[in-house]
There are 2 protein chains.
Amino acid sequence: MKVSARMDYAVRALLELGYHWPDTHPRQVREISRKAGVPQKFLIHILIALKNLGYVHSIRGKTGGYILALGPQDIKLADIVKQLGGLGSFDEQKRKTKKNDAVSLLWQEIDQRIIQTLKGVNLEDLCNRQRQHIKALSYDI
Amino acid sequence: MKVSARMDYAVRALLELGYHWPDTHPRQVREISRKAGVPQKFLIHILIALKNLGYVHSIRGKTGGYILALGPQDIKLADIVKQLGGLGSFDEQKRKTKKNDAVSLLWQEIDQRIIQTLKGVNLEDLCNRQRQHIKALSYDI
DNA sequence: TACTAACATGATTAACTTAGTAATGATAAT
DNA sequence: ATTATCATTACTAAGTTAATCATGTTAGTA
């Protein structure tokens, strides 16, 4: 599957914001950019998109930054992917092939499978996984 | 999920060749193009790719055309997708983000899920589904 | 043999998407 | 006022995709 940089970056930004929840200090774009490894000028646009979708709030001015607008448990990856279009979409409209045959049904079936997988993961899960991951790494040293 | 036209067309061409199996009359590009709704000039390249991968044989000359090189039960969609690169691929190489964290692991997990789904379908299944589909449609009239 | 209908191959192209930058503006704390 | 932040719009370079074009090769057949 091809995950766009945009989608990858969006999830990483959310992970950054959710990781220290419920500590809700605003995090600046610059900081998120550095920690998540996302180009700052690009990240701005992604954060604005996430804001418009209601996942984050922004705080302007000198002490500004971004915070989560919802609890991590209420941010489902399936929704993000759907709304951000992060997996591309099987745009059948432009093709001359039939849309109601075994082949198209197969593609739709796979789509459903992906959505099901994503529905099983919310930001809280992802934060927990990341914490476990960091922990496991520290034991390796 | 974004399925490329190339991939969609390839599967449709194979379905066309497998649908009347074990009748192995060569089917011409023109005929496949018409029935499957694939631009002929494009289809040629796709069929050559499928030939190089060993899924079809070509017969040149005046009575030529294409036939399956394997039985439909031996043509697995998972392989085709993998070899034709039809779903894009999560090219992490170019990104600055870490490759060994919870986010990357999630994308890999989804990849695995897709592959599992595709492993469950071979061309024989797809042909059967299509026959069922046609049958069901005819009852609707 | 010459013709013809098929497959073969490499080059090219137009449209689209993606990833990212640039320039400038708005907001709020100090 | 200054400054450090977010906001918005426009732009661009690179890559991908879908498709066509031009030309060559093969083999059946009159």
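Quick caveat: nothing in here was measured; it's all calculated off a predicted structure. No hydrogens, no waters, no symmetry mates; every other heavy atom, side chains included, goes into these values. Every chain is numbered from 1 and lettered A, B, ... according to where its sequence line falls, protein lines coming before strand lines.
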So B:Asp79 and B:Tyr55, side-chain contact (heavy atoms from CB on, under 4.5 Å) or not? Walk me through it. CA-CA 10 Å; B:Asp79 296 332; B:Tyr55 293 109; 3.3 Å; yes
According to a strict under-4.0 Å criterion, is [X] in side-chain N/O contact with OP1 or OP2 of [N]?
X: B:Ser4; N: D:dT16; value: no
X: B:Lys51; N: C:dA8; value: yes
X: B:Thr63; N: C:dA6; value: no
X: A:Arg60; N: D:dA7; value: no
X: B:Arg30; N: C:dA6; value: yes
X: B:Tyr9; N: D:dA18; value: no

Value in whole Å for how far the [atom2] atom of [N] lies from [atom1] of [X]:
X: A:Lys2; N: C:dA19; atom1: NZ; atom2: P; value: 7 Å
X: A:Ile44; N: D:dA4; atom1: CD1; atom2: P; value: 16 Å
X: B:Arg27; N: C:dA6; atom1: CZ; atom2: C1'; value: 16 Å
X: A:Leu84; N: C:dT17; atom1: CG; atom2: P; value: 16 Å
X: A:Met7; N: C:dT17; atom1: CE; atom2: P; value: 19 Å
X: B:Leu43; N: C:dT9; atom1: CG; atom2: P; value: 15 Å
X: B:Leu47; N: C:dT9; atom1: CG; atom2: P; value: 13 Å
X: A:Tyr66; N: C:dT27; atom1: OH; atom2: P; value: 14 Å

Of the listed nucleotides [options], the one nearest the side chain of [X]:
X: B:Lys41; options: D:dT20, C:dT9, C:dA19; value: D:dT20
X: B:Lys62; options: C:dA19, C:dT9, C:dA5; value: C:dA5
X: B:Ile48; options: C:dT9, D:dA18, D:dA4; value: C:dT9
X: A:Arg6; options: C:dA19, D:dA19, C:dA8; value: C:dA19
X: A:His45; options: D:dC6, C:dT21, C:dT9; value: C:dT21

Decide yes or no on salt bridge (Lys or Arg N to Asp or Glu O under 4.0 Å) for A:Asp8 and A:Arg12, but give the supporting numbers first. CA-CA 6 Å; A:Asp8 187 39; A:Arg12 286 169 194 279; 2.9 Å; yes
Measuring only between side-chain heavy atoms, which start at C-beta, is B:Tyr66 closer than 4.5 Å to B:Gln28? no
Under 4.0 Å between a side-chain nitrogen and a carboxylate oxygen: does that hold for A:Glu31 and A:Lys35? yes
Would A:Glu124 and A:Arg129 satisfy salt bridge (Lys or Arg N to Asp or Glu O under 4.0 Å), going step by step from the backbone distance to the final call? CA-CA 9 Å; A:Glu124 190 176 31; A:Arg129 289 192 195 187; over 6 Å; no
Return the 5'-most residue of the pair A:Ile59, B:Gln40 with respect to DNA chain D, ranking by each residue's nearest nucleotide. A:Ile59
